[in-house]
Amino acid sequence: MSAGTTLPDQARPVLLRGVRTHWDAVRGNWVLLAPERAIALDEIGAAILAETDGETPFGEIVERLAAKYKAPPEQIATDARRFLTALIDRRMVEALP
Amino acid sequence: MSDPGTTGAPANPKPPMALLAELTYRCPLACPYCSNPTEMTGRKAELTVEQWADVFGQAAALGVLQVHISGGEPASRRDLEEITQAAVEAGLYTNLITSGVGLTAKRLKALDAAGLDHVQLSIQGVDAAAADEIGNYRGGFERKMAVAGWVREIGFPLTLNAVMHRRNLDRLEETIALAVELGARRLEVACVQFHGWATLNRGGLMPTREQAVRARDTVAAARERLRGVLVIDFVPPDYYARYPKACMGGWGSVGLNVTPDGQVLPCHAAASIEGMSFERVQDRGLKEIWRDSAAFNAFRGDAWMQEPCRSCERKTLDRGGCRCQAMAIAGDAAATDPTCSKSPHNAALRAAAEADAVSGAALIYRESPA
């Protein structure tokens with residue numbers, strides 16, 4: 001959990017308690033609500049977090065998103081890993097082994 | 001007509017993200033840096049649960065996503081649990097900002113049942129002697145440690161808020177260690193901002209320049225060391241900064257504050273600006289106040305700016321800094337924040353800060369209204 005956070009394919013990411021996605025009807029986008037933070041989510045970010053349930057391994061999240069968006073899995077894996085490890089570093093997500 | 005290159009207040013400002021709900025000015029602690037005004041209304045003037053529920057509903061419809069339930073000490077209200085539930089029912093993310101004094105395991109469980117999302121617990125020092133000197137409340141530190149334990153048992157995410165100043169900045173490493181020990185996810189290292197009661201205690205609280213520099217380095221090192229363990233937010237002592245803070249993320253831009261008696265302010269210190277009047281939720285809708293009131297529009301856009309702000313390339317970054325500080329030091333709320341190195345008042349401000357930092361002034365404690 002120190003510098004250089006990793007997210008292996010078999011790890012199951014989950015939003016920590018007090019962190020949730022919320023449809024912001026006034027602005028018309030998804031937001032991630034966390035302690036003292038509200039982060040606007042783009043479509044990809046919202047899609048990644050919709051699969052982040054603490055049960056689905058990261059590798060499977062990537063496969064699902066690659067199929068959904070008809071995109072190369074390597075590209076999805078890079079983007080999703082960057083996105084989720086940033087949230088792990090910010091204490092909003094944890095990766096269950 | 002405004003000058004070319006400046007813009008006035010927009011007819012339809014972007015909606016606010018956050019509401020600071022000050023439920024009461026009552027508080028068992030007497031911290032000498034309290035951000036509350038030095039003249040406060042008492043219990044009789046406080047909004048009811050029903051009035052708060054109405055405010056929360058209006059806030060959510062306006063675009064507010066998070067409510068910070070604060071005070072004074074919000075737990076001084078026996079109906080805190082009901083007010084929290086009303087905020088949850090309005091669809092807001094609820095954050096309780098508390099000293100911990102007045103909370104019990106039972107009350108925290110009730111807040112959990114009400115749907116509270118997050119607890120921000122203040123600490124005044126890392127041990128009882130240091131903390132209780134600042135809070136002027138014996139047993140305060142012990143209660144906070146108990147509250148932190150109950151918060152952890154329930155599972156609420158915990159933020160520790162540590163207000164730092166000359167008397168405790170040398171114990172910043174211990175403060176960070178305490179946050180980790182208590183299982184906090186976040187730590188706010190908030191150096192005293194000299195508003196409210198703190199303006200009376202500049203001599204007692206002003207850090208030295210060396211402390212300010214060391215705090216910055218300590219925080220930077222701890223952030224690196226504790227990545228993924230503890231998130232640290234740092235509010236530096238702005239008197240020693242080169243440029244001012246972007247106060248409130250811009251006046252009337254991100255948040256609004258409702259006082260215990262229903263006044264709607266652009267920031268919690270705004271009542272210190274002479275000549276500015278504020279509307280109340282009892283008299284007008286929150287949306288109309290946000291969009292149309294003179295107080296909220298006073299410093300939107302940048303047509304109100306004077307030099308050196310007006311032609312400064314940083315004006316979109318810091319928006320001229322803090323209006324209340326401009327009022328307090330420069331005597332003009334539209335002046336450049338005197339903490340800016342470009343302000344004509346900056347040299348005097350720095351000299352005063354350095355004199356305050358070696359002053360042996362005794363603390364003047366906050367008083368609580370009835």
Side-chain angles (χ1 to χ4, degrees), chain A residues 1-43 45-46 48-50 52-54 58 80-97, chain B residues 14-20 58-68 70 91-97 112 115-121 151-152 154-161 179-180 183-188 190 221 223-233 249 254-255 287 290:
Chain A
M1 294 279 276
S2 62
T5 304
T6 58
L7 182 58
D9 281 350
Q10 69 277 14
R12 297 164 296 137
V14 64
L15 292 173
L16 285 168
R17 176 165 171 179
V19 183
R20 54 189 154 87
T21 55
H22 171 82
W23 173 249
D24 181 345
V26 171
R27 296 172 188 79
N29 57 256
W30 286 95
V31 286
L32 184 63
L33 298 179
E36 323 261 348
R37 292 283 184 277
I39 303 167
L41 295 170
D42 60 16
E43 191 190 344
I48 295 168
L49 292 180
T52 300
D53 56 11
F58 178 73
R81 187 169 270 125
R82 185 183 301 131
F83 178 74
L84 287 171
T85 52
L87 294 179
I88 290 170
D89 285 345
R90 296 172 76 177
R91 296 297 327 264
M92 295 179 191
V93 166
E94 69 180 337
L96 303 175
Chain B
K14 282 185 189 166
M17 305 284 287
L19 168 69
L20 178 65
Q58 291 188 53
L62 179 55
V64 167
L65 297 170
Q66 298 207 343
V67 59
H68 306 294
S70 182
L92 298 172
Y93 186 99
T94 50
N95 169 34
L96 179 66
I97 300 180
D112 184 26
L116 179 68
D117 286 299
H118 167 239
V119 176
Q120 183 194 118
L121 179 67
V151 163
R152 191 167 41 193
I154 291 171
F156 287 124
L158 175 67
T159 291
L160 221 54
N161 173 276
V180 173
R185 278 189 218 164
R186 293 179 67 250
L187 171 65
E188 293 183 358
R223 277 178 176 158
E224 196 56 40
R225 190 174 73 237
L226 296 171
R227 186 190 304 271
V229 176
L230 182 71
V231 176
I232 306 178
D233 279 4
V254 181
K287 181 178 184 178
W290 172 259

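Chain letters run A, B, ... following the sequence lines, proteins first, then strands; residues in each count from 1.
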Quick one: what part of [X] sits under 4.5 Å from any heavy atom of chain B, side chain, backbone, both or neither?
| X | result |
| --- | --- |
| Arg17(A) | both |
| Ala34(A) | backbone |
| Arg20(A) | side chain |

Task: Trp290(B) side chain vs Lys14(B) backbone, donor-acceptor pair below 3.5 Å - done: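 Checked: pair present.
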Open item on the list: Check whether Arg223(B) reaches the backbone of Ile232(B) with its side chain - one donor and one acceptor, N or O, closer than 3.5 Å.
Closed with: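 A pair under 3.5 Å: yes.
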Task: Asp233(B): which of Arg91(A), Arg37(A), Arg90(A) passes salt bridge (charged side-chain N to carboxylate O under 4.0 Å, His left out) - done: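 One option only clears the test, and that one is Arg37(A).
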- [ ] Select, from Asp24(A), Val31(A), Val26(A), the one with the greatest count of heavy-atom pairs under 4.5 Å involving chain B.
- [x]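 Among the listed options, the one with the most contacts to chain B is Val26(A).
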Open item on the list: Testing Val151(B), Ile97(B), Asn95(B) one by one against Val119(B) for a side-chain contact (heavy atoms from CB on, under 4.5 Å), which residue passes?
Closed with: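 Considering Val151(B), Ile97(B), Asn95(B), a side-chain contact (heavy atoms from CB on, under 4.5 Å) with Val119(B) is found only for Val151(B).
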Task: Ala61(B), part contacting chain A, at a heavy-atom distance under 4.5 Å - done: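 Just its backbone gets close to chain A.
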- [ ] With a 4.5 angstrom heavy-atom cut-off, could you sort out which part of Arg185(B) is near chain A: side chain, backbone, both or neither?
- [x]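 It is both, since atoms from each part get that close.
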- [ ] Quick one: closest heavy-atom pair of Ala184(B) and Leu230(B), and the distance?
- [x]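 So the minimum-distance heavy-atom pair works out to O-CD1, 3.4 Å.
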Task: Charged N-O contact under 4.0 Å between Arg81(A) and Asp9(A) - done: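 Asp9(A) and Arg81(A): salt-bridged.
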Task: Options Leu158(B), Ile154(B), Thr159(B), ranked by heavy-atom pairs under 4.5 Å with chain A, top entry - done: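 Among Leu158(B), Ile154(B), Thr159(B), the one with the most close pairs to chain A is Ile154(B).
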Open item on the list: Counting heavy-atom pairs closer than 4.5 Å to chain A, which one of Glu188(B), His118(B), His68(B) comes out on top?
Closed with: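 Highest number of pairs under 4.5 Å: His118(B).
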